[in-house]
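Heads up, the thing below is written out as structure tokens.
Quick note on labels: first sequence line is chain A, next is B, and so on, each numbered from 1. The basis for the numbers below is simple: all heavy atoms, side chains too, and nothing from hydrogens, waters or symmetry mates. In this text the structure is predicted, and so the values were computed from the model without any measurement.
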Protein chains: 2
Amino acid sequence: MGASVPDHFEDMWRAIEPLGRAERSGGYFRQPFASAERELDAWFVEQATARGLRLEADAFGNRVAWWDSGSGPGVLTGSHLDSVLDGGAYDGPLGVVSALAAVELLRDRGFRPARPVGVSVFVEEEGSRFGLACLGSRLATGALTWDKARGLRDRDGVRLDEAMASAGLDDENPQPWLGSERLACFVELHVEQGRDLVDRGEAIGVASRIWPHGRYRFDISGEPNHAGTTRMEDRRDPMLTYAMTALAANKQARVAGQRATFGRVDATPNSTNSVPSSVTAWMDARCETDEALASMVDAVVRQAEDRAARDGTRLTVTAESVSGAVDFDPSLAQRIAADHETGDWPILPTQAGHDAGILSAQGILSAMLFVRNPSGISHSPAEHAEMPDCLAGVDALAETLQRLSS
Amino acid sequence: MGASVPDHFEDMWRAIEPLGRAERSGGYFRQPFASAERELDAWFVEQATARGLRLEADAFGNRVAWWDSGSGPGVLTGSHLDSVLDGGAYDGPLGVVSALAAVELLRDRGFRPARPVGVSVFVEEEGSRFGLACLGSRLATGALTWDKARGLRDRDGVRLDEAMASAGLDDENPQPWLGSERLACFVELHVEQGRDLVDRGEAIGVASRIWPHGRYRFDISGEPNHAGTTRMEDRRDPMLTYAMTALAANKQARVAGQRATFGRVDATPNSTNSVPSSVTAWMDARCETDEALASMVDAVVRQAEDRAARDGTRLTVTAESVSGAVDFDPSLAQRIAADHETGDWPILPTQAGHDAGILSAQGILSAMLFVRNPSGISHSPAEHAEMPDCLAGVDALAETLQRLSS
């Protein structure tokens with residue numbers, strides 16, 4: 001290829017920019033196994049093929065494009081192409097596009113890795129369709145069994161196995177395949193979802209750890225009734241229990257310096273002139289330690305239960321997923337961060353879950369690179385990274401892959 | 001017809017029972033201009049035709065089946081066939097089925113009215129699709145102009161004129177037609193939506209007045225962001241503003257002995273791991289007096305604005321519809337309620353809006369009959385009336401029509 005790697009990076013970026021973008025908000029809707037995400041998947045296959053990489057597809061919809069070289073367990077890099085609802089352009093795709101560009105850069109430089117280097121795309125990283133984040137990497141590594149996963153349903157009631165079959169994935173008995181015997185290590189590049197690098201004036205950082213986090217479903221049922229004729233004191237209104245719980249979660253997180261969010265709520269029948277029969281809402285909670293997470297969730301649930309008793313409603317709380325703290329291997333992080341021309345890259349924690357966290361928890365040596373995000377905003381149409389920082393990310397990833405595969 | 005009126009009533013009731021009923025909850029989904037409600041409309045045409053009543057259809061989807069007799073302005077009775085989402089079987093249909101049965105009863109008795117008697121069905125009484133209650137009667141009486149109504153949209157973005165066209169209603173310039181020059185009076189029979197008759201041990205009551213009530217849309221916008229990585233103090237979370245507002249509305253209504261309900265809420269993008277970009281919610285508010293309603297709504301909006309300022313969110317409140325107090329003509333109510341074998345029927349207020357309230361406010365002499373509801377529950381699958389009370393309602397309506405059309 002005649003053009004430079006930066007040109008190729010920008011070409012790739014422009015090619016995927018329109019896919020799944022909503023005109024109204026400018027945000028992305030790239031749901032797994034649905035049209036926009038399938039277009040991205042086809043785009044990835046095309047890019048890998050054009051570069052002469054060997055494609056490997058698993059039964060869950062994950063892909064790896066291999067640069068076959070040397071021998072032994074491979075070095076994997078990559079991220080995901082799905083988005084949250086109305087999400088940003090960078091969360092996920094930046095890691096995939098940068099991985100393809102970094103491989104290209106290393107080849108341009110005439111580097112020959114001592115072991116295979118793979119570019120991976122994991123499906124349903126956000127959990128925005130089936131409710132369980134990092135679904136693809138959980139299934140590939142065996143962190144989640146197919147028996148438990150296949151029955152997961154999306155908001156329209158479509159089961160995971162049905163959605164996968166509609167995308168041509170209909171293996172009756174798919175098996176995990178991704179482990180330390182196949183991989184020497186995994187390194188995921190990701191846009192930073194915070195302002196730590198901005199505050200430090202650095203373009204690139206390395207992850208130290210991922211906060212423990214979980215998703216908790218609050219099912220609150222009451223008594224449906226007429227909004228006009230039912231006296232206030234005769235009601236069993238689940239909306240009140242929900243409202244107090246959302247405020248309690250916010251307060252607990254504030255006081256403890258942690259994070260708790262109710263971003264999703266579904267009322268039934270969701271009718272203006274009816275007291276709802278039920279309200280279901282999801283709490284996203286993240287804390288510095290496993291103990292702090294358990295204690296914050298307990299405190300919120302206790303307050304919700306007290307309020308439910310006052311409202312005459314019934315509350316059930318289900319932990320849909322809980323991921324313990326992930327400490328990335330400190331010596332690997334150190335090896336990646338140290339001894340650069342511009343000095344060491346900073347090593348910093350994140351509150352966001354990632355496929356790298358799943359692989360790490362499954363015993364695969366893993367690391368993450370972060371690219372500066374000027375506003376810190378993520379999971380939003382306003383999510384951004386400047387092009388020079390993105391290109392610095394490609395350089396950093398290439399250098400990291402070179403160190404790890406030499 | 002050989003069978004008795006009670007048999008015919010029960011036959012009609014059984015015929016419509018399955019239409020639009022959800023298997024899961026047992027509740028009804030009879031949205032205007034959609035399949036189940038259109039089946040009910042066809043059923044009404046069939047019933048009216050079988051009884052030799054003359055059908056009149058207006059350009060808005062409202063219908064009247066006339067028993068032509070005598071001369072001069074007619075006496076109208078009837079109700080509606082649409083339901084709230086997941087509503088009960090009685091709210092609306094009881095008034096229509098009872099009206100058909102009452103006409104039959106009067107004919108069986110050989111009564112000849114001195115003026116025409118009509119059985120009416122008004123569309124979209126609940127406002128569950130286009131957000132404005134009593135839409136059909138508002139349009140028919142001119143309380144709402146077609147220019148203001150035609151652009152109303154349902155949750156899927158379908159415009160009212162489009163939905164009507166899909167039901168074969170495509171008059172370019174439909175005009176109001178229902179006024180006191182055509183009608184001597186209107187009487188609507190309805191299941192009670194409260195326990196007043198139960199407490200009094202009476203099967204039948206007459207309406208004195210309808211509380212003033214309104215629907216207010218709260219649009220709260222914030223800043224979408226990552227639920228994990230965004231510090232609590234950096235957020236502009238519209239869910240918090242909403243939650244506090246829902247609790248404030250409940251408290252204001254409790255303290256004042258009035259009614260306020262948030263039964264409908266839509267978060268955007270409604271994603272577990274995102275701080276929402278916006279939350280839209282609807283408040284249903286009802287008070288004994290117009291002044292109390294204005295003052296309660298003011299108090300809630302003020303608290304919501306204070307909270308929005310603290311949360312860094314933006315709030316816009318839109319009154320989608322506000323209906324002032326309706327005092328039904330006291331001498332008409334008295335004339336209907338007095339001098340029965342079993343004594344006078346009680347005269348009582350209601351907090352629910354009805355087409356009779358719209359007609360009354362438009363200068364048409366109007367009245368309402370209520371049929372006892374053992375639990376008081378309405379807008380719920382549990383809404384109920386006992387068959388003997390329903391048949392007492394038919395008798396009461398027949399007697400009322402006889403008094404008013406003699």
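Of all the listed residues (B:Gly376, B:Ala260, B:Gly88), the one sharing the greatest number of non-hydrogen pairs under 4.5 Å with chain A is B:Ala260. In terms of heavy-atom pairs under 4.5 Å with chain B, the best-connected choice from A:Val279, A:Asn270, A:Thr261 is A:Asn270. Of the listed residues B:Ser375, B:Gly228, B:Ala243, the one with more heavy-atom pairs under 4.5 angstrom with chain A than any other is B:Gly228. Chosen from B:Val84, B:Asn273, B:Leu85, the residue pairing most often with chain A at heavy-atom distances under 4.5 Å is B:Asn273. Annotation: maximal heavy-atom pairing with chain A below 4.5 Å, among B:Arg254, B:Arg231, B:Arg195, occurs at B:Arg231. When each of A:Asn250, A:Thr350, A:Val275 is scored by its heavy-atom pairs under 4.5 Å with chain B, the top score falls to A:Asn250. Here A:Pro276 is the residue among A:Gly194, A:Ser277, A:Pro276 with the most heavy-atom pairs under 4.5 Å with chain B. The greatest number of non-hydrogen atom pairs below 4.5 Å with chain B, out of A:Ile377, A:Asp196, A:Asp91, is found for A:Ile377. Ranked by non-hydrogen atom pairs under 4.5 Å with chain B, the options A:Asp266, A:Thr245, A:Val265 are led by A:Val265. If you tally non-hydrogen atom pairs under 4.5 Å between each of B:Ser378, B:Ser380, B:Ala382 and chain A, the highest count goes to B:Ser378. By number of non-hydrogen pairs under 4.5 angstrom with chain B, the leading residue of A:Glu233, A:Arg155, A:Glu192 is A:Arg155. Put simply, of B:Glu320, B:Met244, B:His226, the one with the most heavy-atom pairs under 4.5 Å next to chain A is B:His226.
If you measure heavy-atom distances from A:Ala285 to chain B, you find no contacts under 4.5 Å at all. Looking at B:Arg129, there are no atoms closer than 4.5 Å to chain A (heavy atoms on both sides), in backbone or side chain. Heavy atoms closer than 4.5 Å to chain B are found in the backbone of A:Thr230, but not in its side chain. Heavy atoms closer than 4.5 Å to chain B are found in the side chain of A:Arg215, but not in its backbone. Proximity to chain B is limited to the side chain of A:Tyr242, based on heavy atoms less than 4.5 angstrom apart. Only the backbone of A:Gln258 has a heavy atom closer than 4.5 Å to any heavy atom of chain B. For chain B, the nearby part of A:Arg235 is the side chain; its heavy atoms alone come within less than 4.5 Å. Heavy-atom distances place the side chain of A:Met239, and not its backbone, under 4.5 Å from chain B. In this structure, the portion of A:Arg286 lying under 4.5 Å from any heavy atom of chain B is its side chain and not its backbone. For a residue to count as touching a neighbouring chain, one of its non-hydrogen atoms must lie under 4.5 Å from one of that chain's; by this rule A:Asp234 touches chain B with the side chain only.
Every residue two or more places apart in sequence or in another chain was checked for a ring-ring contact (aromatic ring centres under 6.0 Å, His included) with A:His80, and none qualifies.
Rounding to the nearest 0.5 Å gives a distance of 5.5 Å between CG of A:Leu247 and CZ of B:Arg307. Considering CD of A:Gln252 and CE of B:Met232, their distance stands at 10.5 Å, rounded to 0.5 Å.
A 6.0 Å sphere centred on CZ of B:Arg209 holds more than 12 heavy atoms belonging to other residues, nucleotides or ligands. Shown here is A:Arg236, whose CZ atom has no more than 12 heavy atoms of other residues, nucleotides or ligands within 6.0 Å.
Distance alone, capped at 3.5 Å, places no donor-acceptor pair between the A:Arg259 side chain and the B:Ala227 backbone.
Among A:Pro224, A:Pro269, A:Ser274, the one residue that satisfies the side-chain contact (heavy atoms from CB on, under 4.5 Å) test with B:Asp86 is A:Pro269.
Residues A:Thr272 and B:Arg264 approach most closely at OG1-CD, 3.8 Å, considering heavy atoms.
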